[in-house]
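Remember, it's 1-based here, ligands and their atoms both numbered in the order they're listed.
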Amino acid sequence: MSNTDNWMRTIGKPLIIAGPCSAETEEQMMETAARIDPSYVQAFRAGIWKPRTKPNSFEGVGAIGLKWLLRVKQEFGFKTAVEVANSKHVKLALDHDVDILWIGARTTVNPFTVQEIAEALRDTDKTVMVKNPVNPDLELWIGAVERLQGQNIKNIAAVHRGFSTYKKTKYRNNPQWQIAFDFMNRMPDIPMICDPSHICGNREGIAETAQLAFNFEYDGLIIETHCNPDCALSDAKQQITPERLTEILKELELRKSDDEDAVYHSNLTRLRGEIDETDQMIIDSISQRMIISAQIGELKKEHNVAIFQAERWNQIRQKAVERGAKLGLSEEFIDKLLKAIHQESINHQNLIMNKNHISSE
Ligand code: PEP
Ligand code: MN
């Protein structure tokens, strides 16, 4: 994930953005900013126009909040960051000298709006960040970035804030890290910022998620920080105090992309060799399993028994989950792995039987 054309890497340290989910009052903004440690944080965020799931919730203070942001910039020297959701927002933000404009997760899903924002920002030197869309759609995320690039905007960053799921998980928005990794592979010159606040939806998980992001060599963090989180008008559960933020940032370990040390390199080469060998073994075992499964398919076909056997599937699953738990593998992972193997197995059996029969082995 390291590269030389990533414009943010030239700054030499991760970009840390902190500040409240929403601007609420001038006092709240000034107090929060006063308590944020500028030796760790470069930019101050605040939502002015808030996209809320339900009507009649707090929808932001509107343009007056931009005046408070400007005051934060003048008195504390932070760069300022705000969400924009249409060209009117862009104009107001630029009029108030906002440094970083971001496109929110609910806006990234809409190409018309992204295009409108991109055109309103044509040729800008400001930093423009694109949050991942709420749904796990890599192309939509990349498409939004391409719309900005199409308007000659150079300082673009992506923000990984996780993806919504119908089923409740321990996250408010499931990170699905692989999607962010795919983004980084496809767009290696676009810096990646992690938003642990919206991923976690609670205060407890923020430090761990932020550290994961640095382990994956992300370029920065955006963390919701409020002078009195319990009384926040939006996202109260996930906001932390400025003091807690400093504690978290102090403890984070930054990872380098490489190290010259010869012993490190030889150990890494050895371990990577072991990983490659293990991966081969996994593939070989899965292939072996498919061969057995195909034989079962033949047997069932002969005996005209070719229906999905839920009981057998539950047994397989249960055994694997128990074994996995003993070995430190999560139930979620075992579930995904087995479902993928089972699906491949069904595909193989269907090919062999050349009918639409499904067997659960
Ligand atoms: C926010 O940053 O406060 C916000 C609304 O985020 P998202 O667009 O990721 O939901
Ligand atoms: Mn928020």
Considering only NZ, NE, NH1 and NH2 on the basic side and carboxylate oxygens on the acidic side, decide whether Asp230 and Arg203 come within less than 4.0 Å.
yes
Find, among atoms of Asp235 that are N, O or S, the one nearest to the Mn ion (ligand 2), and state its name.
OD2
Protein N/O near ligand 1 N/O, under 3.5 Å, which pairs?
| residue | atom | partner | partner atom | Å |
| --- | --- | --- | --- | --- |
| ligand 1 | 2 (O) | Arg45 | NH1 | 2.8 |
| ligand 1 | 2 (O) | Arg45 | NH2 | 3.4 |
| ligand 1 | 2 (O) | Lys131 | NZ | 2.9 |
| ligand 1 | 3 (O) | Arg45 | NH2 | 2.9 |
| ligand 1 | 3 (O) | Lys50 | NZ | 2.9 |
| ligand 1 | 3 (O) | His198 | NE2 | 3.4 |
| ligand 1 | 3 (O) | Glu224 | OE2 | 3.2 |
| ligand 1 | 6 (O) | Lys131 | NZ | 2.9 |
| ligand 1 | 8 (O) | Ala105 | N | 2.8 |
| ligand 1 | 9 (O) | Lys131 | NZ | 2.8 |
| ligand 1 | 9 (O) | Arg161 | NE | 2.7 |
| ligand 1 | 10 (O) | Arg106 | NH1 | 2.9 |
| ligand 1 | 10 (O) | Arg161 | NH2 | 2.8 |

Using the six-membered ring wherever Trp is involved, compare the ring planes of Phe183 and Trp141 and label them parallel, tilted or perpendicular (cut-offs 30° and 60°).
tilted
Which atom name would you report as the N, O or S atom of Glu224 nearest the Mn ion (ligand 2)?
OE2
Please say whether more than 12 non-hydrogen atoms of neighbouring residues, nucleotides or ligands are located less than 6.0 Å from CD in Glu208.
no
In degrees, rounded to 10 degrees, what angle do His198 atom NE2 and Cys21 atom SG make at the Mn ion (ligand 2)?
180°
How long is the gap from NE2 on His226 to OG1 on Thr32, to the nearest 0.5 Å?
6.0 Å
Run the numbers on Glu224 and His198 for side chain to side chain donor-acceptor pair (under 3.5 Å), then give the verdict.
CA-CA 9 Å; Glu224 289 190 339; His198 290 90; 3.2 Å; yes
Flag yes if more than 12 heavy atoms outside Gln178 fall under 6.0 Å of its CD atom; otherwise flag no.
yes
Flag the pair Phe44 / Phe76 as yes when their ring centroid distance falls below 6.0 Å, and as no otherwise.
no
